[in-house]
Every structure is written in C-alpha cells, then in structure tokens.
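Notes follow the structure.
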Amino acid sequence: MIGIFDSGVGGMTVARAVEQALPDYRLTYFGDLARTPYGSKSPETIANYARQNTEFLIGKGAKLIIIACNTAASIASEILRNEFNVPIFEVITPAVAKAVATTRSGRIGVIGTRATINSNVYDEKIRHLAPDATVFSQSCPLLAPLVEEGWLNKQETKMILRRYLSPLKKQQVDTLVLGCTHYPLLTNLIQPRIGKRTRVIDSSHEVAADLKAFLAENPEFTAQLSLQGENTYYVSDVTEAALATASQIFGRTIDLIKVTI
Ligand code: DGL
C-alpha cells in the first residue's frame, strides 16, 4: 500500500491526484490534525513528527511513503531516507522541476510555511537546476491554519493573501510555486491576486506522475503493493472543518478515522 502523510488536510490534494493517476493501488493517508500546523514548529519537532507519521504508515503496511507536506519534506526527506528502508517521495522536487520548466523570465516566486521558507530548500533546488533564476520567497504562516479552518473564501483570507502576495507581484514573478500542500485549495483566490499572467504551480499531479513512472519502471516492487480493499484516511484528531474540506477535495464524503500515534 502507498502511505501518504501531511500535517492536516492539505496533503489530501496530493492523495486525490494519486487516486486519480493510480486508481488500482490502495493508499493510506495520515493527517496529523492534532499537531497541525507544522510550519511554525522547530526543525527538531517537525523531524520527529515526520518519523512518527512514517512509522505509523509502515506499521499499517505502507511499502512506499509520500511526504505530502512541504514543511516535513524540507526538514526531513533525507532523515526519512536514511532511517527507513522504503522509497520516500516528496512534493518539493517535482514542484521545482515544474517551476523551472515553466518560467520564461527566470523570476520565480515561492510561498510556503515559515519552516519551509527558512529551510531555503526551494531556493537551493531551483538554483541547482537553473543557476540564473532569481527566487523570491515569502513565508505565509497564516494560510495553512486558515485552510484547516475551512476559510477558503473569506474576506479576511483575501486580505491576508493580498498582503503576502504583493511583494512577489511587485517583483514581477512569472511563476509562483505553491510550496505548501494546503495552498492549492486557495488557488482561486491566489491567481487573481498574483495576476493572471503568472503561472501558479501546484505539484500534486507531478508527484502522482513521478510515482506512476516509478511503479512502471519497478515491476518487482510494484507487485508488493495491494490492489484490494479501500483507501483509508487516518487523522490524529477529527474536526468539522476537516471533514468538510476533505469532502470538498475528493468530491465525496470521506470517513476520517481518528487514531493516536
Ligand atoms: N501542508 C503542509 C505543507 O505543505 C504544512 C502546513 C503546516 O502544517 O504548517 O507545508
């Protein structure tokens, strides 16, 4: 089974893309709602949460992990690769590849949580692929909590977005990376505020495409993945807002199963 985790509901945007790309394979999701948001926690705490989430999913039978959280990926991808003997996919590398392939001017904006932006990982990975690119980063610590609250179309959310996006708009970025898996839920508010000529990058479909290619290239590994049963969505706390956002992401009612990890 494919294991996917995030600090909350945001990573379900990735789970949905994986479901669409690989409908025959079973997946298990874990959303750490009891401890969200991760973006304002220290790197040590984020790494520990990422470890615990991975252990939980492997305990449930995951043969492969997708870190559907930029914050956890920016801090803990290498740690998890060193500590666990399963393939680890994450959302940052595909987002960077897509941004570099998309930009024409080389002026790339990145928005993410404070921990992701402070880690500098986007900047480093973009410049590695495109040494001439200029990266403009903006941490947006209020956005993931607004999404977890389900404030997807409120005036307050629009105002906060305008505030976060205006420095990037002034820099005339032609590409904007949504460096947090919660942000695709705000795309309809982000696009008009950054400007319609700026391409907004959400890596969920790229992650799913990378995974599909990996499975096709590794048939012996793929044979271990289960095709039977239901996809399961675990959370460390259940809230009304999470249930509503989960249903909105999937377009159907999602049972969130509460677990203590
Ligand atoms: N969805 C996560 C991310 O991609 C984390 C948001 C948070 O918990 O702060 O960064």
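Read the numbers this way: they start at 1 and go in the same order the structure lists the ligands and their atoms.
When each of Val259, Thr54, Ile4 is paired with Phe30, the side chain to side chain contact (heavy atoms under 4.5 Å, CB included) condition holds for Val259 and for no other.
Within the listing of ligand 1, atoms 7 (C), 8 (O), 9 (O) sit less than 4.0 angstrom from a heavy atom of Tyr38. Atoms of ligand 1 lying under 4.0 Å from any heavy atom of Pro37, numbered from 1 in the order shown and given with element: 7 (C), 8 (O), 9 (O). Listed by number with element, the atoms of ligand 1 under 4.0 angstrom from any heavy atom of Ala144 are 6 (C), 7 (C), 9 (O). Within ligand 1, the atoms closer than 4.0 Å to a non-hydrogen atom of Ser7 are 5 (C), 6 (C), 7 (C), 8 (O), numbered from 1 in the order shown. Within ligand 1, counting atoms from 1 as listed, the ones closer than 4.0 Å to a heavy atom of Gly39 are 7 (C), 8 (O), 9 (O). Residue Thr36 has at least one heavy-atom neighbour below 4.0 Å for each of these atoms of ligand 1: 8 (O).
Using a 4.5 Å heavy-atom cutoff, the side chains of Leu152 and Gln248 are in contact. Side-chain contact between Ile201 and Ile108 is absent, with no heavy atoms from C-beta onward closer than 4.5 Å. Ile65 is not listed as a side-chain neighbour of Phe89, based on a closest heavy-atom distance of 4.5 Å or more.
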Report the C-alpha separation of Thr71 and Thr113 in whole Å, then their side-chain angles, then the decisive distance to 0.1 Å, and conclude whether the side-chain hydrogen bond (donor to acceptor under 3.5 Å, both in side chains) test is met. CA-CA 7 Å; Thr71 307; Thr113 66; 2.8 Å; yes
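Residues Cys69 and Asp6 share a closest heavy-atom pair of CB-OD1, 3.0 Å.
By the criterion of a heavy-atom distance under 4.0 Å, neither the backbone nor the side chain of Val91 is placed next to ligand 1. Contacts of Cys180 with ligand 1, taken as heavy-atom pairs under 4.0 Å, involve both backbone and side chain. With a heavy-atom cut-off of 4.0 Å, Thr113 touches ligand 1 through its side chain alone.
Distances between N or O atoms of Asn70 and those of ligand 1 include at least one value under 3.5 Å. Residue Thr116 has no nitrogen or oxygen atom sitting less than 3.5 Å from a nitrogen or oxygen atom of ligand 1, judged on distance alone.
Ring geometry for Tyr233 versus Phe250: interplanar angle over 60°, hence perpendicular rather than tilted (30 to 60°). Between Tyr38 and Tyr49, the two ring planes are tilted [angle within 30° to 60°].
A side-chain N or O of Arg107 and one of Gln171 form a donor-acceptor pair less than 3.5 Å apart.
At the shortest separation from atom 1 (N) of ligand 1 among protein heavy atoms lies His182 ND1, 2.6 Å. Of the protein's heavy atoms, Thr71 OG1, 2.6 Å lies nearest to atom 10 (O) of ligand 1.
Residue-ligand proximity: Gly8 is placed with every non-hydrogen atom at 4.0 Å or more from ligand 1.
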